[in-house]
Amino acid sequence: MECFITQPVHEAAIAFLNSHGIATRYASSPDMQTVTREIGSADAVITRDLGLDRQAILAAPNLKIISCHGAGTNRIDVTTAYERSILVTNTPGANSQSVAELTVGLILASARNICQADHAVRQGNWDFRYSAQGIELHSKTLGLIGFGAIAQKVATIASKGLGMRCIAWSPSVPAAVFTEHGVEQSHNLEELLKNADVVSIHRSGKTTDKPIIEASTLALMRSHAILVNVGRGFAVDSADLAQALEDGQLHGAALDVLQQEPPPRDAPLLRAPSLIVTPHLGGTTQEALQRLALICAHQVWDVLTGKKPEHLVLAR
């Protein structure tokens with residue numbers, strides 16, 4: 001039995017698989033063309049944000065399971081997998097604490113211009129402190145788009161740690177969940193955007209979905225507002241956000257996910273002022289990476305030994 005791995009995973013998963021008689025093999029390069037060429041006779045695949053497209057799946061005649069190292073399976077062709085009786089699994093909630101902590105870190109970094117301040121000092125501009133216009137978060141309103149496990153943790157940190165008022169919009173979440181977490185429920189996106197000082201995106205979706213944050217919705221936000229996205233890159237129109245930042249419509253924005261990853265080096269968004277960009281590292285803490293990889297490894301073991309794995313993804 002063999003497990004093919006598209007991108008690096010925690011060594012604990014490799015040790016588990018090897019100790020259970022499952023050979024492991026990495027793609028020589030983390031791109032779909034290479035994966036399609038090298039997937040070969042693998043019985044299982046563990047993939048991170050690269051996913052697995054139709055051609056790669058069809059190139060693997062022995063494949064029985066695609067284990068997604070994360071919750072989002074939008075880059076896996078689940079339909080093709082199930083057409084070939086290949087199971088797809090994911091790891092919901094395994095990295096939620098790490099992503100929530102990064103979210104709060106990005107909010108603080110944007111509110112206090114931390115990245116700009118660091119750059120200024122390195123350039124010899126100690127007087128940056130006189131021109132920096134920071135924002136105190138205590139008593140401000142945090143608007144959460146989506147209210148799953150990550151957003152719920154963000155709300156707890158923001159309310160209990162920073163004294164923020166939290167509101168959220170998530171049509172699929174029962175009202176009782178908002179009440180349980182002490183978060184006010186917004187009835188629509190427009191209402192949330194108009195009332196929030198910080199907007200943080202945590203809603204899932206498909207890559208074919210239209211951006212929920214674009215010119216018309218950005219225009220609804222407060223002029224001192226901060227936009228944070230650690231959810232899905234396709235949720236924000238990069239060109240519209242770049243223009244809004246250029247026009248001073250927002251205090252700032254912080255993105256861990258983008259419409260195109262990695263972005264072109266000449267992308268207008270990367271030249272926009274008051275922007276923080278990180279390379280999709282929401283779940284990349286040692287603790288989360290170990291949890292994610294071991295869950296994937298156990299799912300692979302379960303399927304290859306005829307057991308039903310946890311967290312099966314339904315065909316779309």
Side-chain angles (χ1 to χ4, degrees), residues 1-28 30 32 35 38-53 56-57 59-102 148-150 152-153 202 204 230-232 280-316:
M1 295 184 290
E2 181 186 65
C3 181
F4 181 68
I5 305 170
T6 66
Q7 296 144 291
V9 299
H10 195 280
E11 59 188 16
I14 306 300
F16 174 86
L17 291 169
N18 293 166
S19 69
H20 286 74
I22 300 174
T24 50
R25 178 167 55 91
Y26 277 109
S28 61
M32 199 61 67
V35 166
E38 296 180 354
I39 194 168
S41 60
D43 301 284
V45 165
I46 294 175
T47 184
R48 294 179 64 170
D49 59 330
L50 181 66
L52 208 67
D53 68 11
I57 293 170
N62 297 334
L63 195 58
K64 301 172 183 67
I65 175 175
I66 303 167
S67 185
C68 179
H69 186 281
T73 57
N74 51 286
R75 295 185 180 179
I76 296 174
D77 192 329
V78 177
T79 300
T80 297
Y82 278 94
E83 285 173 357
R84 296 197 52 227
S85 299
I86 299 166
L87 298 182
V88 179
T89 62
N90 65 350
T91 58
N95 64 359
S96 59
Q97 184 64 37
S98 293
V99 178
E101 290 179 7
L102 178 67
I150 295 169
Q152 290 166 17
K153 291 180 186 296
H202 301 279
S204 59
V230 298
R232 299 288 180 262
H280 205 146
L281 49 72
T284 53
T285 61
Q286 286 300 309
E287 295 83 356
L289 289 173
Q290 182 169 350
R291 280 195 299 270
L292 288 160
L294 281 173
I295 291 171
C296 288
H298 280 274
Q299 290 171 338
V300 166
W301 169 247
D302 284 344
V303 170
L304 296 188
T305 55
K307 301 173 187 174
K308 182 179 178 180
E310 283 190 291
H311 310 308
L312 272 174
V313 177
L314 300 177
R316 294 191 282 265

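Values below: every heavy atom of this structure, side chains too, minus hydrogens, waters and symmetry copies. Note that the structure is predicted; figures quoted are calculated from it, not measured. The chain is numbered in sequence order, starting from 1.
Looking at every heavy atom in both residues, Ile22 comes nearest to Trp301 through CD1-CE3, 3.8 Å. The minimum heavy-atom distance between Leu292 and Ala94, with the atom names listed, is CD2-CB, 3.6 Å.
Interatomic distance, CD of Gln7 versus CD1 of Ile46, reported as 11.5 Å (0.5 Å rounding). Here Lys308 contributes atom NZ and Asp302 contributes atom CG; the two are 11.5 Å apart, rounded to the nearest 0.5 Å. The OG1 atom of Thr6 lies 9.0 Å from the CD1 atom of Ile39; values are rounded to the nearest 0.5 Å. Note: Asn62 CG to Phe4 CZ = 13.5 Å, rounded to the nearest 0.5 Å. Distance check: Arg48 CZ to Cys296 SG gives 9.5 Å after rounding to the nearest 0.5 Å. Taking CG of Asp49 as the reference point, atom SG of Cys68 lies at 9.0 Å (rounded to 0.5 Å).
Every side-chain contact (heavy atoms from CB on, under 4.5 Å) that Ala81 has, sequence neighbours left out, goes to Ile57, Ile66, Ile86, Val88. His311 pairs by the ring-ring contact (aromatic ring centres under 6.0 Å, His included) definition with nothing, not counting sequence neighbours. Every residue was checked against the salt bridge (charged side-chain N to carboxylate O under 4.0 Å, His left out) condition with Glu287, not counting sequence neighbours, and none meets it.
The shortest side-chain heavy-atom distance between Leu304 and Lys64 falls under the 4.5 Å cut-off. Counting heavy atoms from C-beta outward, Val300 and His20 have side chains that stay 4.5 Å or more apart. At least one side-chain heavy atom of Leu63 sits less than 4.5 Å from a side-chain heavy atom of Leu52.
Atom CD of Glu310 has 12 or fewer heavy atoms from other residues, nucleotides or ligands within 6.0 Å.
Ring geometry, Phe16 versus His298: the interplanar angle falls from 30° to 60°, so the pair is classed tilted.
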Side chain to side chain donor-acceptor pair (under 3.5 Å) between Glu101 and Gln97, intermediate numbers included: CA-CA 6 Å; Glu101 290 179 7; Gln97 184 64 37; 3.0 Å; yes

Test log, rule side chain to side chain contact (heavy atoms under 4.5 Å, CB included), inputs Gln299 and Ile65: CA-CA 8 Å; Gln299 290 171 338; Ile65 175 175; 4.2 Å; yes

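Residue Ile76 forms a side-chain contact (heavy atoms from CB on, under 4.5 Å) with just one option from Thr47, Val313, Leu50, Asn90, and that option is Thr47.
No side-chain donor-acceptor contact under 3.5 Å links Arg291 to the backbone of Thr91.
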